[in-house]
2 protein chains.
Amino acid sequence: MQTDIHNNGLKRKKKGRSTIPIRERILVAAGDLFHKQGIRGVGVEAIAEAAQTNKMTLYRYFASKDELITEWVRGIVAHKEEDWKDLNARHRGDPQGQLQDWSRRMAAKLRAMEERGSALGNAFAELPDPNHPARHVMKEHKLREHKRVVRLCKSAGFPDPAFSADLFSMLLEGAHSCGTCVGMRQIGEHLVQVVDLMVENNRQPAAR
Amino acid sequence: MQTDIHNNGLKRKKKGRSTIPIRERILVAAGDLFHKQGIRGVGVEAIAEAAQTNKMTLYRYFASKDELITEWVRGIVAHKEEDWKDLNARHRGDPQGQLQDWSRRMAAKLRAMEERGSALGNAFAELPDPNHPARHVMKEHKLREHKRVVRLCKSAGFPDPAFSADLFSMLLEGAHSCGTCVGMRQIGEHLVQVVDLMVENNRQPAAR
DNA sequence: CTAAAATGTTACCGACCGGTAACATAGGGG
DNA sequence: CCCCTATGTTACCGGTCGGTAACATTTTAG
């Protein structure tokens, strides 16, 4: 641990402002607005204001709006992968437990969402440019995640891991879009149910 | 049939222009661009140009860009519901057949998609305003579709139709997002497989 | 042919947006 | 104390976009 004499490890900022460092405040504010109003629907000025700072300072931390977007996406991805590590830590050598816990956490997130779907999914839709750096970040994350699920299915003893993993992925991804019409709660419950069934029987759905 | 002396039922337009009526050309061009570049990423000028006309004429057919968007969404929705009717016509009294054919058609669409996911899904992400008319159109469509699937599951004899219908919906919706990392072909095949298994066994996945 | 309707052309407006320059202010460390 | 750095403020630029007006041109109908 560091001493607190000069600063507490994070730069402490001005007057009544928050104690959270500016860069982080900007990222949080940007995330909020991006998710609520869409990436293209919010301007940097509004982001700066929501972060209790101004456009100039924002541009001292981020070279461009695109970089801010990318950095935000990176944060989400990092958080999700952190979640995976935690899942692995809590259920070491228990791939079934990881999958089940995963579905439960997802259901909890769904319940707390209501309208306006997945941040990553929306970002993907809002950044059509295939060369946008944020797209690469998302794509690589999705790939890693899917590989992880395949590995889990394999070590869980599913007879066709590629097949089961695709099912899990489709269910998880689909839950977001469906929740908007069916209701997040019900979708979350059914998601947990089907994952439990698949895992408990340790085989693909409806295998005879 | 009408005579062709004055016009052939559709207003015939200028010189080298297409024989397709302007309004339709605009809608098609708008759809192309919306899907490829995102709704907010394309301007009305570009749409008019792609439709081989101009902005002024576009605004004589559509009061605003938002109305054009809404009309485009309406078209997609209408087309999908047409598809459902066709499904019902081809497999009368055979809900299982309808579900299976549905998954096959979806797989075919996925194969022909490659990158850039579902038009409706993207539109939903790009129109965060909950009062946007296009959102209502989409939401009502999703609701009707889901009810339809529930009805099919019920008449197909699934023991828990609400549960099975949610699964179908999640799988279908999720297929779009997943295809971008796993590959549309594989996702499509696995989608068909799981639907077949669920239907053939006439029970929920992994039910013992 | 002629008149009316549809379409094309050009120019423009106001609003917003991403990004930058220049300068003012404040705070902290020596 | 003073200097240096981080932050705030203001004004501005160039570009794009949605939307409209006014007028020219073409197409269609009678």
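The sequence lines fix the lettering, A, B, ..., with proteins before strands; numbering per chain opens at 1. Computed from heavy atoms alone, side chains included, the values below leave out hydrogens, waters and symmetry copies.
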Taking only side-chain nitrogens and oxygens of [X], does any of them come within less than 4.0 Å of OP1 or OP2 of [N]?
X     : N      : value
A/T53 : D/dG8  : yes
A/S64 : C/dG18 : no
B/Y61 : C/dT7  : yes

Check your understanding: Among the nucleotides C/dT7, D/dT7, C/dT20, which one has an atom lying closest to any side-chain atom of B/R60?
Key -> C/dT7
**Study point:** Among C/dT9, C/dG18, D/dT9, the one nearest A/V44 by side-chain distance
**Key:** C/dG18
Rounded off to whole Å, could you give me the [atom1]-to-[atom2] distance for the [X] and [N] pair?
X     : N      : atom1 : atom2 : answer
A/I22 : D/dA6  : CD1   : C1'   : 8 Å
A/D66 : C/dG19 : CG    : C1'   : 12 Å
B/I26 : C/dG8  : CD1   : C1'   : 13 Å
A/Y59 : C/dA21 : OH    : P     : 13 Å
A/K65 : C/dT20 : NZ    : P     : 15 Å
A/E49 : D/dT7  : CD    : P     : 18 Å
A/R25 : D/dG8  : CZ    : P     : 7 Å
B/E67 : D/dG18 : CD    : C1'   : 14 Å

**Study point:** Quiz item: B/K55 side-chain donor-acceptor pair to D/dG19 base, under 3.5 Å
**Key:** yes
Revision key, fill the gap. On DNA chain C, more 5' by nearest nucleotide between A/G41 and A/M56 is A/G41
Check your understanding: Does one side chain, of B/N54 or B/T57, offer a donor that lies under 3.5 Å from an acceptor on the other?
Key -> yes
Check your understanding: Are any side-chain N or O atoms of B/H176 and backbone N or O atoms of B/L110, one a donor and one an acceptor, separated by less than 3.5 Å?
Key -> no
**Study point:** From CG (A/D101) to CD (A/Q96), nearest 0.5 Å
**Key:** 13.0 Å
Check your understanding: Atom CE of A/M113 and atom OG1 of A/T180: how far apart are they, to the nearest 0.5 Å?
Key -> 10.5 Å
Study note, to complete from the structure: Nearest heavy-atom approach of B/F124 to A/R116 is O-NH1, 3.5 Å
